[in-house]
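Data first, discussion second: the structure below is written as structure tokens.
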Amino acid sequence: MPSDQFPSYRELGDRSGALRGTAWGLFGEGDQVGTLNFLTSERVRAALGSVRKGLLLNLNLPLDAFDPPLIAHRGAIEHHVFGLNEFHRDERIDNLFTQASTQIDGLRHFAHPDHGFYNGVPGDRLIAGTGDLGIQAVAQRGIVGRGVLADVARYRDAAGRPIEQDSPEPIPVSDLTATLREQGTTLLHGDILLIRTGWLEHIRRAGATRADPLASPGLAAQEETAAWLWDNQIALVAADNIALEPWPATESALTTIAEQTGRLARSSHTGMLHRILIPLLGLSIGELWDLDALATECAGSGHYDFLVTAEPLNLTGGVGSPANALAIV
Ligand code: UVW
């Protein structure tokens, strides 16, 4: 479908029946990658024009960046290096949680309790060994496109309103648009949007003294955020914080009918923006992306667009993956 023919977010709400409020079927009934379809060949080719210096910047934290882990159930990796003889080395990683460090969360990660998983795929198909909505579908196409950094932390500092880093402060769409305006950055359809909240820099500085329980600012859990991302035809959105949106999540207007009526117990996911972005819109998200060096480079050059590549693990049925992301400025 040509990009000007996609329904707006408001129009998604006018779709009938089970499709209401969703992007299901717009990229094809059996679609596996959602908004990554916005990254057409023409856009990939055009994105090459955002490379000015040919400088490569790693956007990944080490796999073992957080020990103790940020989220308790995602334990630290156990890396074993061994040799069959003294002239040989092999290795094994145990306890790898694909979402413990810089990551992409794929379309298996969240269902909407009232609607289900992306494109209506039944949850019982989303098990190890099956491919439905798995991260392998992303790996097999790869992610390459025009990246845009929205350095909200820098904008808010300059505006004299620093983001409160040890709190689940919601970052509204107005801050995103003001940041882009201040930077002189124009979004294009199919962009990979990278949002710097400054949280990762804060956590790095805090080290072992980081706040417990953990809290992080992030994109406001509101329909306005989802609408803005969809209407700009963002292919992938990633941030330098723990959950893209504020953490811990709080009850919001996004609290589902299942929870409001007591059919589903409220949980740490109640009110999350994840539940719109991933299952309803098919928007994969990135978390814990290391954007600090990129931000320094962009501030120095005055250019906030570049090429981004990311190649998740080719893991059949994977829920998420280390991002393996690069910016090429
Ligand atoms: C959190 O759990 C904080 O987010 P996610 O599951 O998306 O990594």
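Heavy atoms only: backbone and side chains are in, while hydrogens, waters and symmetry mates are out. This one's a predicted model, so the numbers in the text were calculated from it and none came from an experiment.
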> Side chain of Gln165, backbone of Thr197: donor and acceptor closer than 3.5 Å?
Replying inline: yes

>> Is the shortest side-chain heavy-atom distance between Asn60 and Pro322 below 4.5 Å?
In response: no

>> Applying salt bridge (Lys or Arg N to Asp or Glu O under 4.0 Å) to Arg161 and Glu169, what does each step give before you reach the verdict?
In response: CA-CA 12 Å; Arg161 296 187 293 120; Glu169 181 183 327; 5.9 Å; no

>> Run Arg196 and Thr179 through side-chain hydrogen bond (donor to acceptor under 3.5 Å, both in side chains) and show every step you take.
In response: CA-CA 10 Å; Arg196 182 172 171 272; Thr179 299; over 6 Å; no

> So, the side chain of Glu251 versus the backbone of Thr270: is there a donor-acceptor pair under 3.5 Å, distance only?
Replying inline: no

> Quick one: does Glu259's side chain have a donor or acceptor within less than 3.5 Å of a partner on Thr256's backbone?
Replying inline: yes

>> Are Ile143 and Ile104 packed together at the side-chain level, in the sense that at least one heavy-atom pair is separated by less than 4.5 angstrom?
In response: yes

>> So does Arg10 get a backbone contact from the side chain of Trp230, meaning a donor-acceptor N/O pair under 3.5 Å?
In response: no

> What pair of heavy atoms forms the shortest contact from Val237 to Ile195, and how long is it?
Replying inline: CG2-CD1, 3.8 Å

> Leu149 and Cys298: which non-hydrogen atoms are nearest, and at how many Å?
Replying inline: CD2-SG, 4.1 Å

>> Return the CG to CZ distance between Leu187 and Arg146, rounded to the nearest 0.5 Å.
In response: 7.0 Å

> Applying the side chain to side chain contact (heavy atoms under 4.5 Å, CB included) test to Tyr304, which of Val329, Leu194, Thr185, Leu180 qualifies?
Replying inline: Thr185

> Can you tell if the side chain of Asn232 reaches within under 4.5 Å of the side chain of Phe38, non-hydrogen atoms only?
Replying inline: no

>> Measuring from atom CG of Leu229 to atom OG1 of Thr35, what distance do you get when rounded to the nearest 0.5 angstrom?
In response: 9.0 Å

> Is atom CZ of Arg156 surrounded by more than 12 heavy atoms (other residues, nucleotides or ligands) closer than 6.0 Å?
Replying inline: yes

>> Out of the candidates Leu273, Leu254, Leu244, Ile171, only one should pair with Thr225 under the side chain to side chain contact (heavy atoms under 4.5 Å, CB included) rule; please name it.
In response: Leu273

>> Any non-hydrogen side-chain atom of Asp64 less than 4.5 Å from a side-chain atom of His79?
In response: no

>> Measuring from atom CG of Leu236 to atom CG of Asp191, what distance do you get when rounded to the nearest 0.5 angstrom?
In response: 11.0 Å

> Would the number of heavy atoms belonging to other residues, nucleotides or ligands and lying under 6.0 Å from CD of Glu78 be above 12?
Replying inline: yes

>> Within the structure provided, determine whether Pro113 and Arg275 are in side-chain contact (heavy-atom separation under 4.5 Å).
In response: yes

> Under 6.0 Å from the CD atom of Glu164, do we count more than 12 heavy atoms belonging to anything else shown?
Replying inline: no

> Under 4.5 Å between any side-chain heavy atoms of Arg266 and Thr255, yes or no?
Replying inline: yes

>> To the closest 0.5 Å, what do you measure between CZ (Phe66) and CZ (Arg210)?
In response: 7.5 Å

> According to a 4.5 Å side-chain heavy-atom criterion applied to Ile, Leu, Val, Met, Phe, Trp and Tyr, with indirect links allowed, do Ile285 and Val144 form part of one hydrophobic cluster?
Replying inline: no

>> Apply side-chain contact (heavy atoms from CB on, under 4.5 Å) to residues Leu61 and Leu200 and explain how you reach the verdict.
In response: CA-CA 10 Å; Leu61 294 167; Leu200 187 59; 3.8 Å; yes

>> I need the Ser284 OG to Ile192 CD1 distance, nearest 0.5 Å.
In response: 11.0 Å

> Just by distance, do the side chain of Glu11 and the backbone of Ser8 share a donor-acceptor pair under 3.5 Å?
Replying inline: yes

> Do the non-hydrogen side-chain atoms of His274 and Asp105 ever get within less than 4.5 Å of each other?
Replying inline: yes

> Is the backbone of Gly190 close enough, under 3.5 Å, to the side chain of Gln233 for a donor and an acceptor to pair up by distance?
Replying inline: no

>> What verdict does the side-chain hydrogen bond (donor to acceptor under 3.5 Å, both in side chains) test give for Tyr9 and Glu223, after you've listed the backbone C-alpha separation in whole Å, the side-chain angles of each residue and the deciding distance to 0.1 Å?
In response: CA-CA 9 Å; Tyr9 187 82; Glu223 287 223 53; 2.4 Å; yes

>> So which atom in Ala327 and which in Phe306 form the shortest heavy-atom distance, rounded to 0.1 Å?
In response: CB-CD1, 4.0 Å

> Is there a side-chain contact between Leu26 and Arg15 (heavy atoms, below 4.5 Å)?
Replying inline: yes

>> Surrounding CD1 of Ile93 (heavy atoms of other residues, nucleotides or ligands, distance under 6.0 Å), is the total greater than 12?
In response: yes

> Is it true that a side-chain atom of Asp114 and a backbone atom of Ile257 form a donor plus acceptor pair closer than 3.5 Å?
Replying inline: yes

> Is a donor on one side and an acceptor on the other found under 3.5 Å between the side chain of Asn95 and the backbone of Ala76?
Replying inline: yes

> Under 3.5 Å, side chain of Ser216 to main-chain N/O of Trp247, donor-acceptor pair present?
Replying inline: no

>> Quick check: closest heavy atoms across Gly134 and Gln32, and the distance to 0.1 Å?
In response: N-OE1, 4.2 Å

> When you look at CD of Glu29, are more than 12 heavy atoms from neighbouring residues, nucleotides or ligands closer to it than 6.0 Å?
Replying inline: no

> Where is the tightest heavy-atom contact between Ser101 and Ala65, given as atom of each residue plus distance?
Replying inline: OG-CB, 4.0 Å

>> Please report the interatomic distance CG(Asn241) to CG(Leu288), rounded to the nearest 0.5 Å.
In response: 7.5 Å

>> Is the ring pair Phe27/Phe6 parallel, tilted or perpendicular, if the boundaries are 30 and 60 degrees?
In response: tilted

>> Donor-acceptor pair, distance only, cut-off 3.5 Å: does the side chain of Glu245 make one with the backbone of Met272?
In response: no

